[in-house]
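Note on naming: letters A, B, ... go to the chains in the order of the sequence lines (proteins, then strands), and numbering restarts at 1 for each one.
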Amino acid sequence: MKNAAVASLLVIFAIPLLIAVAELPPFGDPDAPIHTHISARYIEQGVEEAGAENLVTGVLLNYRGFDTFGEVTVIFTALAAALAVLLTSGGVQYFQEDRPPAPPKGADESERPPTPVSPVVLFVVRLLAPFIGIFAAFVILHGHVTPGGGFQGGAILGAMFIVLTIVLGAGKVRPRLPEPLARWLQGAAPLSFVLIGALGVAFTGFYLGFPPEHSLHLVRELMMVVLEIGIGVGGAAIFARIFLAMEAD
Amino acid sequence: MISYEGIINAIVVVLVGFGAFFFLVGTIGLVRLPDFYSRTHAATKCDTLGAGSILLALAVFNGLEPSSVKMIALAALVLLSSPTSGHALARAAHRTGLDYWRLDKE
Amino acid sequence: METFFWGLGIFLLVNAFVCLWRAYAGPTTVDRVLAVNIIGTKTLVVLAVLALVFGRGILLDVALVYGLLNFVITIAATRFMETGRLKGDWS
Amino acid sequence: MKAAQASVVLFAFWLVLSGSLNLIDLAFGLILSVLFGVWAAKTLWAEDAPVLTARQAGQFVLYIPHLLKNMVVSALQVAEVVLDPRMPIDPIIVGHRTPFKREVTRVAYANSITLTPGTLTVDVENNTFYIHGLAESFTDEIASGELEQRLMRVFEE
């Protein structure tokens, strides 16, 4: 009885949505509004209006800034949920059981628990890590000029963190990312959107509104840079946390 | 009459040919050699040199530009990371007890 | 000269495919990782060649990411083989 | 001091990456390279940093052509082995003890061995290097200690 009620309710809600979908212009229709109005404007005036030389970023962070805000919030909520599961269950036990212990080389070798890192690898990774960091920062900051941006740069930054954890040992790296700090960093992307959104209110009266005046081009650019940094740092923090939460120690 | 461009192109072709030859040798070595350790020999040495000389050729062809410096940086990265990866792999193999191929084993 | 670089790119790709056979055949895990690492180096060079042919400098950044990740992956894989885990209190 | 050196190198890398002399780019690069430089000097390289004196840096630059020559020889060596239908190899693993005091010398030595003809560093334990050679004649070359002397001159004098 209850199930039937739920089902019929769902059908009733679905009908208007289906009608709306049927009313949408067919995919690839050259007369669709998206092709006749918006694209042309994005392409012709995007650079001028949005303040980003990279059109994709302009559309993503300026014209559809609100959409992207929703997107990052959804992504980061989902990841936070995944993290919550990982953290409360005491970590996922990956590979621990089906992995045979390393075959002993000598008698005393088997007593010594983990194999130390090769000094060569340790050295080279430590040497490369700052360069990887600079590179990640470059990708994040230049997102509005060249392809790349917060998500990509964040992934590189996360990779740097992960390789340092692998090589230096989790014990040395974990204290650098204490729980409260990690929590705030994870939220960096939505938080930066909120901050910039509020700034938009101050400038234009609209949430996430970008000041349209030509003279404020630099301000627009700066706002986007802050958003990119937020996305990048947040992404990196999420990657790092997931890696640290995976596989119990 | 030998032009400046002709000289550059000749250098590029020679360097690329050099690099391509070593890439080919590395590939054949990877397929042909009998065990992991000797394959690592072929892979690290030939690939480092091949990648280095091709990237150098690209930088020469490109001339004096920021992107040429980037290509040299790429070559330096390969020069640093390739032997290190080779060593890391050999060490992992050694520590997990992989024995090396010997002549008298046959 | 452009045709020459296209030829070089195709030559490298053929090489990479031959290396793929080693990654498939093994026989040990280290062999596979080695083959993948070598394919990564070749891909890096192909990306640099494409950056030159297409005149798109951004591909060089992609090549740089590729090289770095190639290295990181190899290190992670070897660490995992040595100890059976990725995190511990070594060093 | 260490941090300053690291920052300079990182800033050079930033210039290579961005390839622009735009004022904003330069400012960002400067801030970031100082941040990362301090981080590298303080946490990653708290002890035994690979800092070279001017003389050592000069020696290092002189060492590079030697290494390149060795790489070419070793690649040709591999080519010879691989293209020979009989494949004349007789692999061997030997241990070799060295008197190095600095980490950077050890790393340079290990990677140089990997790039010199017919040898591959398998393992490093303190100052003992385990070397896989394609034949005994190649490991003899290492045992003669010539490469060792050269690197001592570059990094430890």
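Under the ring-ring contact (aromatic ring centres under 6.0 Å, His included) criterion, D:Tyr109 pairs with D:Phe100, D:Phe129, not counting sequence neighbours.
Top candidate by heavy-atom pairs under 4.5 Å with chain A, chosen from D:Leu10, D:Val124, D:Thr43, is D:Leu10. Of all the listed residues (A:Ala137, A:Gly133, A:Ser118), the one sharing the greatest number of non-hydrogen pairs under 4.5 Å with chain D is A:Gly133. The candidate with the highest count of non-hydrogen atom pairs below 4.5 Å against chain A, out of D:Val104, D:Val9, D:Asn111, D:Ile24, is D:Val104.
Other residues, nucleotides and ligands contribute more than 12 heavy atoms inside 6.0 Å of the CZ atom of D:Arg55. Residue-environment remark: CD (D:Gln56) exceeds the threshold of 12 foreign heavy atoms within 6.0 Å. Enclosure of atom CZ in D:Phe60 is not indicated, since only 12 or fewer non-hydrogen atoms of other residues, nucleotides or ligands lie within 6.0 angstrom. Residue D:Asp84 places its CG atom among more than 12 non-hydrogen atoms of other residues, nucleotides or ligands, all under 6.0 Å distant.
Only the side chain of A:Val124 comes within less than 4.5 Å of a heavy atom of chain D; its backbone N, CA, C and O stay farther away. Looking at D:Leu35, there are no atoms closer than 4.5 Å to chain A (heavy atoms on both sides), in backbone or side chain.
Inter-residue side-chain proximity for A:Val120 and D:Thr121 is flagged as unmet; no heavy-atom pair is nearer than 4.5 Å. With a 4.5 Å cut-off on side-chain heavy atoms, A:Leu127 and D:Val107 do not count as touching.
Between D:Phe28 atom CZ and A:Phe138 atom CZ the span is 12.5 Å, to the nearest 0.5 Å. D:Leu17 CG to A:Leu141 CG: the interatomic distance, rounded to the nearest 0.5 Å, is 11.5 Å.
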